Each structure stands twice: as structure tokens, then as C-alpha cells.
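To keep things clear, I will list the structure first and then write my remarks on it.
From a predicted model like this one, the values you see are computed outputs, not experimental measurements.
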Amino acid sequence: MTTWIVKIDDAPGDGPRLAVKDAIDVAGLPTTAGSRAVAERAEPAAADAPVVASARAQGARIVGKANLTEFCLGADGVNPWSGTPVNPLDPSRVPGGSSSGSAVAVASGEADVAFGTDTAGSVRIPAACCGIASLKTTHGRVPLDGVYPLSPTLDTVGPLGRDVAAVVTGMRLIEPGFAPDAYDPGMTVGRLRVPNVDPAIDAAVDDALRRLGPITDETCEHFQDAALANGVFVGEEAYARNGGLLGDPSRISERMYRRLRVLKEAAAGKRPWAEQLQKTVRAEFDALLDRHGVLALPVLAGVAPEPPGGDDDLLLTMLTGPVNVAGLPAFALPVPLPGSHLPASVQLIGPAGGEERLCAVAAALEAALA
């Protein structure tokens, strides 16, 4: 099945069933990063990554290593080498990426919780496409040892689950003792307004948020610039990691062979600008979060798309990548989209280290929508 790189059918015990993105080491299994070129060189991991070791110590049953976009470098979940996981909400739509198999394993009921990585939206986008919940963690909160890097400046590990409770379970597997804050009904929500969002998506997100109380419109001056800065960091660092594999194009998909080169060229000379922009947008987010308990905007500007052509999938990161640049945590939660068989998804952004707050707000929103 294309949901998995390796499926384990006889995981012992009675703990939560955990799917692990195949960019995260599981002892005894090679980590392929969804790439034939990597897989042919990979040795079985000598040890679990710390996040997997923590989960295993708490009784989690690892049910497999989940499929992903090649090198973690794509937002649609499409992978011509290992196959593309099927979106259980609509097989004609992409599952989202790069943590595609992690989202599909949860959405299809093959796992109770999954671990994924998020560098530009890679746990939030597939959660939005598949109608589940996920949490992108604060940069630096969760150790990245034993995780195949895409862009260490931005990389994070976070859980995906069918609902908020499952995401909390995932965080508890990563951090024993993790618990959401008590929800503060007097907390204000800053509604980030950004261009080029489908009006129906904006309306669905607004309707959901208003069930918690009033929302206040806000803007972030450098939000769109931060999406471009995300591309600079990813372009430079992804090539540094994977450029050495380009010597044999037959072992890399045509799209990734081109993408690694194009992103490297686009990033050339722009690192100082991106680093300055990172400080600027973080300060803007922090100022907004001084006024509001959380910020909110959609995860995607539309519903899960049909398989795109060329590099169109990179546009899926325009609302998520800026949060990685700022280094802040963000929760993705599905919300109803009237007239559609697919949901919208709201992205709740909190202060650095604010995962406990985000889980509380997400749980309150989920209950209000029930």
C-alpha cells in the first residue's frame, strides 16, 4: 500500500498505534526519505530517534514507517517512486505533503496517531487535505536527532491525529506529562487577513472562530515576504543535504532533480535577507500575540487540490511557511465548508512554547463545532 514504506502488522502491546514518517529513524529499519537514491544507500537505523524512543517507552505500538514526498520536499504528497497515498476523503485529490502517509494512516484508521515533520507546512497541509488535526511544534522544542533534514533552520517534528485528543496523545508520546492548558474563554483571537484566499474558505474559518467569541482582524506586514524567505532557507539547505545525489538522475524523480537545482539558484545570495526577514516577521508575530491569545487563518487557500503539474504544489505552503520562518507553533483543525464534501482547515498560531495553549483552544473550538 502506498500509505507505507514499511508496514508492521504485528506490533505488540495495547498502546496507541503510531505511524512514523519515513524521515524519522526507527531502529532496525532504513530511513529512505521517500527517495530511491537515499534508500539504495541507507543502512538500518542503529537506534530509534529520540521522539520514537520516547513513544516506544510509553507503550506506543509502531505500525509502520509512513510514505512521504521525496526528500520531504513537496506539499502535495505525490511520489512517483514509492507511490502516492490515497486521500480517503476524495481519491481524486492529493493527500497533501510532505507527511502524506502519516496523514492518510490516521485518516483511514490504520494508526491512532502519527509523527511527521514540518518545514513549510508538512504536517498541517496533509492534515488539512485529509480532514484531520495536527500540530506543528515550536522550532527547537522537539529534538531533531535521528530525523532526515530538509532545512534545519526550519525543521520541526509534530503529531497528527483524527481529533484534538489524538494530537494531545501524540504530544504526550513525544513529551511525557504534556497537558493542555485550561481554556480561557476571555482570550481574544487575532484573525490574520491574507490575500488570495478563496472567499468560501475565509467564511468557513470565520464562522468556526466566531463560535468561540469575537474575532479581531489583523495583518502581518511581512507575511508574504516570509513565505519567500522560507523558500530561501529550504532551497539552500535542501541542496546542501541532497545535491550530492544528483549525479545519477535515474534515481531521482524528474521533478525533484529540477527542483533542487532551481531552488538552490533562487536562494543564491539571499540568505542574509532571509535571516533579517526572519527576525522582522518573528517580531511582528510576537507583537500580535502580545494582544491576542492566538492568531488564526486558513491552512490552505482552497480545498485539497487535484494533482498539480510542475511546481504548483509549492503554492500550497504560502499560508504555512511563514509560521516556520517565525519558529512558532501552529495547530491545524478541520472546520465545515458548506456545500463541499471536503473541509476547510483553520490554522491556530501561538507564542513560542505555546503548544499547551493551542491544544486548549483547538479543543474548545472542536467542541463548539460538534
- Under 4.5 Å between any side-chain heavy atoms of Leu29 and Pro44, yes or no? no
- Going by an N to O cut-off under 4.0 Å, is there a salt bridge joining Glu355 and Arg141? yes
- Message: Test your reading of the model: is there a side-chain donor-acceptor pair from Arg17 to the backbone of Val113, 3.5 Å cut-off?
- Response: no
- Any link between Val194 and Leu288 through a network of hydrophobic side chains (Ile, Leu, Val, Met, Phe, Trp, Tyr) touching at under 4.5 Å? yes
- Message: For the residue pair Arg241 and Tyr148, would you count it as a cation-pi contact if the rule is NZ or CZ under 6.0 angstrom from the ring centre and within 45 degrees of the ring axis?
- Response: yes
- Query: Is the closest side-chain donor-acceptor distance between Lys21 and Ser99 under 3.5 Å?
  - Reply: yes
- Return yes when atom CG of Asp14 has more than 12 non-hydrogen atoms of other residues, nucleotides or ligands closer than 6.0 Å, and no otherwise. no
- Item | Thr320 side chain reached by Ile125 side chain, heavy atoms, under 4.5 Å | yes
- Query: Should Phe115 and Met171 be counted in the same cluster of Ile, Leu, Val, Met, Phe, Trp and Tyr side chains packed under 4.5 Å apart?
  - Reply: yes
- In Å, rounded to the nearest 0.5 Å, how long is the span from CG of Leu333 to CG of Leu135? 11.5 Å
- Task: Evaluate the side-chain proximity of Arg56 to Val26: yes if any heavy-atom separation is below 4.5 Å, no if none is.
- Result: yes
- Carboxylate-amine/guanidinium proximity below 4.0 Å for Arg193 and Asp206: yes
- With a 3.5 Å cut-off and no angle check, do the side chains of Asn67 and Thr3 form a donor-acceptor pair? no
- Item | Any donor-acceptor N or O pair under 3.5 Å, side chains Glu306, Ser92 | no
- Please lay out, stage by stage, how Arg357 and Asp181 fare under the test salt bridge (charged side-chain N to carboxylate O under 4.0 Å, His left out). CA-CA 5 Å; Arg357 181 190 302 181; Asp181 288 343; 5.1 Å; no
- Which pair of non-hydrogen atoms, one from Gly34 and one from Leu68, has the smallest distance, and what is that distance? N-CD2, 3.5 Å
- Query: Can you tell me if Gln58 and Arg172 form a side-chain donor-acceptor pair at under 3.5 Å?
  - Reply: no
- Can you tell me how far the CG atom of Asp118 sits from the CG atom of Asn324, to the nearest 0.5 Å? 5.0 Å
- Item | Validation row: Leu295, Leu289 side chains within 4.5 angstrom (heavy atoms) | yes
- Item | Interatomic distance, Leu365 atom CG to Leu348 atom CG [nearest 0.5 angstrom] | 6.5 Å
- Evaluation steps, side chain to side chain donor-acceptor pair (under 3.5 Å), between Thr188 and His292: CA-CA 5 Å; Thr188 61; His292 303 288; 3.0 Å; yes
- Any ion pair linking Glu284 and Arg291 (charged N to carboxylate O, less than 4.0 Å)? no
- Any side-chain heavy-atom pair from Val167 and Pro159 closer than 4.5 angstrom? yes
- Message: Quick check: closest heavy atoms across Val323 and Leu319, and the distance to 0.1 Å?
- Response: CG2-O, 4.3 Å
- Is any side-chain N of the basic residue among Arg191 and Asp202 closer than 4.0 Å to the acidic one's carboxylate O? yes
- Task: Calculate, to the nearest 0.5 Å, the distance between atoms CG and CG belonging to Leu263 and Leu73 respectively.
- Result: 6.0 Å
- Message: Could you go through Leu246 and Tyr257, starting from their C-alpha distance and side-chain angles, then the distance that decides it, and tell me whether this counts as side chain to side chain contact (heavy atoms under 4.5 Å, CB included)?
- Response: CA-CA 7 Å; Leu246 297 178; Tyr257 185 83; 3.6 Å; yes
- Message: What verdict does the side chain to side chain contact (heavy atoms under 4.5 Å, CB included) test give for Val147 and Thr117, after you've listed the backbone C-alpha separation in whole Å, the side-chain angles of each residue and the deciding distance to 0.1 Å?
- Response: CA-CA 9 Å; Val147 177; Thr117 64; 3.8 Å; yes
- Message: Quick check: do Leu212 and Val361 have side-chain heavy atoms less than 4.5 Å from each other?
- Response: yes
- Can you check side chain to side chain contact (heavy atoms under 4.5 Å, CB included) on Gln278 and Thr153, steps first, answer last? CA-CA 10 Å; Gln278 184 175 40; Thr153 298; 4.0 Å; yes
- Report yes or no: do Val262 and Val234 belong to one cluster of Ile/Leu/Val/Met/Phe/Trp/Tyr joined by side chain heavy-atom distances under 4.5 Å? no
- Test side chain to side chain contact (heavy atoms under 4.5 Å, CB included) applied to Thr119 and Cys72, step by step: CA-CA 9 Å; Thr119 305; Cys72 307; 5.8 Å; no
- Identify whether Val123 and Val164 are in the same connected component of the hydrophobic contact network (ILVMFWY, side-chain heavy atoms under 4.5 Å). no
- Please check if the side chain of Ser35 supplies one atom and the backbone of Phe71 the other of a donor-acceptor pair under 3.5 Å. no
- Query: Cut-off 3.5 Å, side chains only: do Thr280 and His222 have a donor facing an acceptor?
  - Reply: no
- Value for CG (Leu300) from CE (Met318), rounded to nearest 0.5 Å, stands at 12.5 Å
- Going by heavy atoms in the side chains, are Val106 and Asp112 under 4.5 Å from each other? no
- Got a donor-acceptor contact below 3.5 angstrom from the Asn87 side chain to the Val94 backbone? yes
- Under 3.5 Å, is there a donor-acceptor pair between the side chain of Asp207 and the main chain of Ala203? no
- Message: Any non-hydrogen side-chain atom of Cys220 less than 4.5 Å from a side-chain atom of Leu192?
- Response: yes
- State which residue, out of Val104, Val63, Asp22, fulfils the side chain to side chain contact (heavy atoms under 4.5 Å, CB included) condition with Trp4. Val63
- Message: Please tell me whether Ser122 and Ser98 have a donor and an acceptor in their side chains that are separated by less than 3.5 angstrom.
- Response: yes
- Message: For Pro180 versus Ala360, what's the shortest heavy-atom pair and its separation?
- Response: CB-N, 4.1 Å
- Item | Minimum heavy-atom distance between Ala166 and Gly161, given as atom pair plus value | CB-CA, 3.7 Å
- Query: Has the side chain of Gln347 got a donor or acceptor atom that lies under 3.5 Å from a matching backbone atom of Pro298?
  - Reply: yes
- Item | Any donor-acceptor pair under 3.5 Å from Arg93 side chain to Ala304 backbone | yes
- Query: Hey, quick one: are Ile62 and Leu160 part of the same hydrophobic cluster, counting side-chain heavy atoms closer than 4.5 Å, chains of contacts allowed?
  - Reply: no
- Message: One thing to verify: whether Arg36 and Glu40 come together as a salt bridge, which I'm taking to mean a side-chain N less than 4.0 angstrom from a carboxylate O.
- Response: yes
- Query: Any donor-acceptor pair under 3.5 Å linking the side chain of Lys136 with the backbone of Ala120?
  - Reply: no
- Cationic N near anionic O, under 4.0 Å, Glu254 to Arg258: yes
- Task: Run the salt-bridge test on Glu275 and Arg271 with the 4.0 Å N-O cut-off and return the result as yes or no.
- Result: yes
- Message: Between the side chains of Glu237 and Lys264, is the shortest nitrogen-to-carboxylate-oxygen separation below 4.0 Å, so that they form an ion pair?
- Response: no
- Query: Checking Ser345 side chain against Ala128 main chain: does a donor-acceptor pair fall under 3.5 Å?
  - Reply: no
- Item | Asp248 side, atom CG; Leu245 side, atom CG - distance, nearest 0.5 Å | 10.0 Å
- Query: Distance-only, no hydrogens or angles: does the Thr84 side chain make a donor-acceptor pair with backbone N or O of Asn79 under 3.5 Å?
  - Reply: yes
- Query: Ion pair present between Arg255 and Asp76, side-chain N to carboxylate O less than 4.0 angstrom?
  - Reply: yes
- Message: Keeping Ser54 on the side-chain end and Leu173 on the backbone end, is there a donor-acceptor pair under 3.5 Å?
- Response: yes
